[in-house]
Amino acid sequence: MTAVRTQANSRESVGPIGIFDSGIGGLTVAAAIRDRLPGVSLLYFGDTAHMPYGDKSEDAIRYYSIRIAHYLLKNKAKAIVIACNTASSIASRVVEEFVDGRVPVYNVIDPVVDQIAQRYPNGKVGVIGTKATVRTAAYAKGIASKAPNCDVRMLATPLLAPMIEEGFFNNNISTSILKSYLSNRKLKGIEALVLGCTHYPLIRSEMAALLGEGVELMDSAQLLAAELEKEWGPGAKAASAEPKHRFVVSDYTDSFAKTARLFFGRKVHLTEESLWGN
Ligand code: DGL
């Protein structure tokens with residue numbers, strides 16, 4: 001795992017783990033971390049004012065990510081988790097530079113790359129994600145550096161995140177969109193498929209049904225949470241006996257509030273804070 005290492009005592013501090021995404025998809029990562037580290041407080045920021053990041057310029061994504069990292073640090077985050085594949089592939093480096101070792105920074109791509117390099121060094125794997133994630137080829141480059149013989153097939157699936165945000169899953173519409181994407185010839189013969197967007201765990205079972213048992217689905221939320229548990233384990237659990245979670249978005253709507261519950265798996269109280277224009 002390539003989190004930027006920092007002072008060991010950051011793990012014992014009582015601050016929350018700061019998590020951010022372009023919207024509310026990153027709540028799947030927050031939920032996985034909550035399940036693995038139940039004693040730890042979380043501060044979640046969803047940049048709903050600017051989502052989807054998948055269609056934004058790289059400069060815009062870097063700018064938003066740094067601004068959010070600043071906000072999380074100001075609110076005493078003891079670690080920063082980039083819970084968005086798009087921001088992870090484009091802005092990890094600049095966020096790490098900005099944070100400059102004050103707290104560890106994690107992204108959702110590195111644990112998946114490690115896992116694929118271990119399990120499929122000579123295999124054929126697919127990665128689906130936003131246009132921006134696919135354009136940067138961050139997964140393909142990361143895997144090539146550790147498992148040069150692994151054949152990585154990347155496919156942009158831009159309709160999936162808005163479809164899920166709008167509550168379209170487990171129905172005819174989502175099934176036909178998924179069927180169309182998953183039958184793309186690029187993905188023919190893959191042994192594993194990376195869910196390269198933090199929205200996708202919500203359609204995991206639909207994908208599994210369409211792909212069948214021969215294709216392993218790799219979920220970045222689960223893999224990252226497992227890494228955090230390994231690194232933060234008992235110390236983090238003891239740090240805060242009664243965790244306090246905060247969920248902040250840059251643009252509040254009732255529909256986000258409703259969908260947030262689905263992504264986090266339990267009730268979420270969303271508040272709005274604008275980080276822009278002041
Ligand atoms: N959750 C974002 C990701 O993991 C995708 C949504 C967006 O385009 O903003 O890439």
Side-chain angles (χ1 to χ4, degrees), residues 10 13-35 37-54 56 60-88 90-92 94-95 98-99 102-108 161-162 164-165 167 197-199 201-202 221 224-225 228 236 239-240 242-278:
S10 132
S13 92
V14 288
I17 291 185
I19 303 171
F20 78 90
D21 177 43
S22 58
I24 48 185
L27 284 170
T28 57
V29 180
I33 296 173
R34 172 205 66 206
D35 291 346
L37 296 171
V40 173
S41 298
L42 307 177
L43 169 58
Y44 182 87
F45 189 90
D47 192 10
T48 49
H50 296 119
M51 62 168 285
Y53 278 9
K56 295 282 182 302
I61 293 167
R62 288 190 196 102
Y63 171 71
Y64 301 148
S65 300
I66 289 174
R67 186 70 189 84
I68 297 166
H70 172 74
Y71 169 83
L72 295 173
L73 287 177
K74 211 176 77 191
N75 283 277
K76 311 249 177 311
K78 61 181 175 187
I80 292 180
V81 174
I82 308 177
C84 172
N85 285 264
T86 310
S88 291
I90 288 164
S92 284
V94 288
V95 170
F98 172 75
V99 170
R102 284 173 281 178
V103 299
V105 176
Y106 299 89
N107 69 68
V108 279
I164 297 165
E165 293 268 350
C197 171
T198 51
H199 285 65
L202 266 77
L224 174 61
L228 283 182
S240 163
E242 280 183 48
K244 287 191 180 62
H245 304 322
R246 271 182 69 207
F247 303 93
V248 182
V249 288
S250 48
D251 184 32
Y252 178 92
T253 66
D254 285 342
S255 127
F256 286 140
K258 214 168 117 207
T259 325
R261 193 187 197 293
L262 285 174
F263 281 74
F264 195 60
R266 56 180 82 156
K267 201 165 183 305
V268 167
H269 176 63
L270 282 187
T271 55
E272 179 182 297
E273 269 185 64
S274 174
L275 311 187
W276 323 105
N278 48 29

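Model, not experiment: these values are computed from the prediction.
Side-chain contact between Ser65 and Phe20 is present, with heavy atoms from C-beta onward closer than 4.5 Å. Taking the side chain as every heavy atom from C-beta outward, Val103 and Ile80 approach each other to under 4.5 Å. Between Arg246 and Asn75, the closest side-chain pair of non-hydrogen atoms falls below 4.5 Å. Side chains of Tyr106 and Leu224 form a contact here, defined as non-hydrogen atoms less than 4.5 Å apart. At a threshold of 4.5 Å between non-hydrogen side-chain atoms, the residues Phe263 and Val268 do not count as touching.
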Worked verdict on Leu270 versus Phe256 for side-chain contact (heavy atoms from CB on, under 4.5 Å) = CA-CA 8 Å; Leu270 282 187; Phe256 286 140; 4.0 Å; yes

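In this structure, Ile24 CD1 and Ile164 CD1 are separated by 10.5 Å, a value rounded to the nearest 0.5 Å. The CD1 atom of Ile33 sits 5.0 Å away from the CG atom of Leu228 when rounded to the nearest 0.5 Å. Between the NE2 atom of His70 and the CG atom of Leu275 there is a distance of 9.0 Å, given to the nearest 0.5 Å.
When atom types are taken as modelled, the side chain of Arg62 and the backbone of Val94 share no donor-acceptor pair closer than 3.5 angstrom. A distance-only check finds no donor-acceptor pair linking the side chain of Ser41 to the backbone of Pro16 [under 3.5 Å].
Take Arg34 and apply the side chain to side chain donor-acceptor pair (under 3.5 Å) test, not counting sequence neighbours, and it matches no residue. Partners of Phe45 by ring pair (Phe, Tyr, Trp, His ring centres under 6.0 Å), not counting sequence neighbours, listed by chain and number: Tyr71. Contacts of Tyr64 classified as ring pair (Phe, Tyr, Trp, His ring centres under 6.0 Å), with partners at least two apart in sequence or in another chain: His50, Tyr53, Trp276. Taking the side chain to side chain contact (heavy atoms under 4.5 Å, CB included) definition, one finds that Ala221 meets it with Thr28, Val29, Ala32, Asp219, sequence neighbours left out. In terms of the side chain to side chain contact (heavy atoms under 4.5 Å, CB included) criterion, residue partners of Ser88 (sequence neighbours excluded) are, by chain and number, Ile82, Ser92, Asn107, Val108, Ile109. Residues satisfying the salt bridge (Lys or Arg N to Asp or Glu O under 4.0 Å) test with Glu272, not counting sequence neighbours, are none. Considering only residues two or more places apart in sequence or on other chains, His245 meets the ring pair (Phe, Tyr, Trp, His ring centres under 6.0 Å) condition with none of them. Evaluation of the ring pair (Phe, Tyr, Trp, His ring centres under 6.0 Å) rule for Phe98 yields no partner, not counting sequence neighbours.
Annotation for Ile19 and Gly26: closest pair CG2-O, 4.5 Å, computed over non-hydrogen atoms. Pro104 and Lys78 make their closest contact through CD-O, 3.3 Å (heavy atoms, listed as atom of the first residue, atom of the second, distance). Here the closest non-hydrogen pair linking Ala30 and Tyr44 is CB-CD1, 4.2 Å. Contact record, Pro243 with Val40: CB-O, 3.5 Å, taken as the closest heavy-atom pair. Here the closest heavy-atom approach between residue Cys84 and residue Asp21 is recorded as CB-OD1, 2.9 Å.
The side chain to side chain donor-acceptor pair (under 3.5 Å) pairs that include a residue from residues 248-266 are Asp47-Ser250, Tyr252-Asp254, where partners are two or more places apart or lie in different chains.
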